[in-house]
K.L.:
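To start, I am sharing the structure in question, which I have written as structure tokens.
Given the structure is predicted, the values throughout are model-derived calculations rather than measurements. Note: hydrogens, waters and symmetry copies are ignored here, and every other heavy atom, side chains too, is used. We count ligands from 1, going down the list as the structure has it; atoms in each ligand are counted the same way. In this chain, numbering begins with 1 at the start of the sequence shown.
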Amino acid sequence: MAKVVLGVAVGVAVAACAVAALVVGRRVRTRRKWKRVVGVLKELEESCETTVGRLRQVVDAMAVEMHAGLASEGGSKLKMLLTFVDNLPSGSEKGTFYGLDLGGTNFRVLRVELGGQRSSFDRDVAQQAIPPRLMTGRSEDLFDFIASSLQHLVEKGNDSEQSPIIKELGFTFSFPVKQTSVSSGILIKWTKGFAITDMVGKEVAGVLQQTLARKGLNMQVAVLVNNTVGTLALGHYHDADTVAAVIIGTGTNACYWERTDAIIKCQGLLTTSGGMVVNMEWGNFWSSHMPRTSYDIELDAESPNPNDQGFEKMISGMYLGDIVRRVILRMSQESDVFGPVFSSLSVPFALGYASMTPLMAAMHEDDSPELTKVARILKDDLKIPDLPLKARKLVVKVCDVVARRAARLAAAGIVGILKKIGRDGSGCIRVGRTRSDTKMRRTVVAIEGSLYTQYTMFREYLHEALHEILGEDIAQHVILKVTEDGSGTGAALLAASHSSKSVDNVQLL
Ligand code: BGC
């Protein structure tokens with residue numbers, strides 16, 4: 001009997017030990033997996049590091065590449081495209097002008113009534129999302145679509161379609177275009193998920209002009225501009241100290257006012273103003289000083305345009321969400337804290353190109369103690385249910401690292417432009433250890449794009465980096481000013497200031 005009791009006791013003890021070992025073993029494995037997930041975050045943080053020293057190297061590289069891109073055609077990844085915009089609206093423009101803005105997720109048509117006095121204009125705007133099938137279909141379908149929207153706006157207004165007076169139009173086409181005049185240019189390549197192959201190499205304004213004629217619209221494309229150029233025009237209309245414009249939205253880019261004698265690749269370029277707006281196409285900028293991760297490399301390889309738009313792929317709204325998705329995917333492969341590897345996480349750009357960034361911003365800025373927004377977005381949009389709080393915190397941290405790197409790189413890009421045009425304070429007189437601000441002129445950079453205007457943390461990180469790089473005494477003279485719908489309105493303003501009724505101010509000797 002005693003033997004039996006002893007046997008049972010030993011059996012129970014063995015079983016208890018086995019269970020304990022199992023529990024401990026599972027805990028150890030869970031802890032190990034969690035450590036691996038935290039390791040993924042740590043590695044991300046390290047490889048996204050943007051110390052001020054590193055940002056200054058990016059600033060220098062940007063200024064150097066700008067010089068190279070102005071010196072010769074193909075001399076740099078920065079195309080530094082001529083725009084033939086040699087004067088910016090002054091505020092004295094009068095009349096009714098149209099704008100047509102194509103280049104992102106949405107498409108806009110506008111009519112602007114200019115009263116001849118700065119700030120006094122009326123606008124009528126219609127906006128539509130571009131059906132995704134038109135972004136990759138035939139050029140004819142896309143142009144038919146935009147011309148019909150314009151037709152509706154004309155019909156809605158008092159201007160009769162049949163009016164014998166030709167209406168002038170500013171066409172904002174926000175892709176790299178080699179301009180041949182202020183009102184014509186050839187599409188170099190598509191970006192931001194557009195891929196209409198029959199359009200590459202074609203004269204963009206000509207295609208629109210033909211479509212307008214086919215629709216019976218009595219309209220003349222007076223200017224063909226990039227959205228950065230429209231933004232600069234509107235910025236300058238309101239504030240004459242505006243020297244550059246930056247867009248940080250679905251894509252990213254910048255333009256600025258350059259002296260014609262600095263545009264060496266175009267010898268003999270003469271303008272009455274002595275200057276011209278240059279479209280940098282900075283989305284394609286690249287420098288080895290940029291902190292690149294394995295996620296960036298994979299994203300690039302799987303994108304429709306590998307080895308292209310390197311700066312844009314680290315900064316703009318189209319890509320940031322996909323970088324975050326890739327990091328979460330890696331984390332979920334490392335640990336079952338995230339549950340099984342969800343198929344929603346595995347497909348590149350599965351969540352649509354631009355739609356992930358508002359979600360990323362919402363997760364990043366969720367300040368509820370339980371991170372309820374994060375939980376809802378992960379469940380509804382990424383189909384990851386019931387993620388524990390500690391894992392939700394990790395997701396927020398990932399958004400933070402990715403957004404911070406992007407914002408700081410964009411700030412470095414802006415300072416690069418300021419350096420190129422001598423507005424970064426480096427030419428200022430030094431008094432002791434501090435720089436005197438006596439020589440620093442007020443410098444305004446017009447800025448647009450949802451990442452900057454709607455993503456508060458992004459905007460704050462950008463400002464913080466700008467101040468770190470420039471130092472407080474210089475940064476106080478640099479103002480980033482948001483313009484409202486500059487890409488469209490600015491094009492209508494430029495149509496006015498470059499109206500065919502005025503003389504051609506640009507000569508190529
Ligand atoms: C385009 C630029 C444009 C920018 C912002 C980039 O992808 O190449 O032309 O200005 O996006 O929309």
K.L.:
Using a 3.5 Å cut-off on N or O atoms only, is Lys192 in polar contact with ligand 1?
P.N.:
yes

K.L.:
Can you name the atoms of ligand 1, numbered from 1 with element, that are less than 4.0 Å from a heavy atom of Glu281?
P.N.:
1 (C), 2 (C), 8 (O), 9 (O)

K.L.:
Closest non-hydrogen protein atom to atom 6 (C) of ligand 1, residue and atom name please, with distance?
P.N.:
Glu312 OE1, 3.1 Å

K.L.:
Which heavy atom of the protein is the closest neighbour of atom 5 (C) of ligand 1, given with residue, atom name and distance?
P.N.:
Asn227 ND2, 3.5 Å

K.L.:
Can we call the ring centroids of Phe175 and Phe173 under 6.0 Å apart?
P.N.:
yes

K.L.:
Looking at Phe285, does the NZ or CZ of Lys77 lie under 6.0 angstrom from its six-membered ring centre and within 45 degrees of the ring axis?
P.N.:
no

K.L.:
Quick check on contacts: which atoms of ligand 1 are under 4.0 angstrom from a heavy atom of Gly251?
P.N.:
5 (C), 11 (O)

K.L.:
Numbering the atoms of ligand 1 from 1, which are under 4.0 Å from a heavy atom of Phe175?
P.N.:
9 (O)

K.L.:
Do Cys255 and Val229 make a side-chain contact, defined as non-hydrogen atoms from C-beta onward lying under 4.5 Å apart?
P.N.:
yes

K.L.:
Regarding ligand 1, does Thr191 bring an N or O atom to under 3.5 Å of one of the ligand's N or O atoms?
P.N.:
yes

K.L.:
State whether Lys373 and Asp366 are salt-bridged, where the test is any N-O pair (Lys NZ or Arg NE/NH1/NH2 against Asp/Glu carboxylate O) under 4.0 Å.
P.N.:
no

K.L.:
At a 4.0 Å threshold, what atoms of ligand 1 neighbour a non-hydrogen atom of Gln309?
P.N.:
7 (O), 8 (O)

K.L.:
Are Phe84 and His498 an aromatic pair, judged by ring center distance below 6.0 Å?
P.N.:
no

K.L.:
Which part of Thr252 is near ligand 1, with near meaning a heavy atom under 4.0 Å away: side chain, backbone, both or neither?
P.N.:
backbone

K.L.:
Under 6.0 Å between ring centres: does that hold for Tyr452 and Phe458?
P.N.:
no

K.L.:
Give a yes/no verdict on a cation-pi contact between Arg326 and Tyr295, requiring under 6.0 Å between NZ or CZ and the six-membered ring centre and an angle within 45° of the axis.
P.N.:
no

K.L.:
If you measure from each heavy atom of Gly283 to ligand 1, is any distance below 4.0 Å?
P.N.:
no

K.L.:
Give the C-alpha distance, both sets of side-chain angles, the deciding distance and a yes or no for side chain to side chain contact (heavy atoms under 4.5 Å, CB included) between Glu312 and Thr191.
P.N.:
CA-CA 10 Å; Glu312 179 162 272; Thr191 56; 4.1 Å; yes

K.L.:
Take every heavy atom of Ser174, measure it against each atom of ligand 1, and state whether any distance is under 4.0 Å.
P.N.:
yes

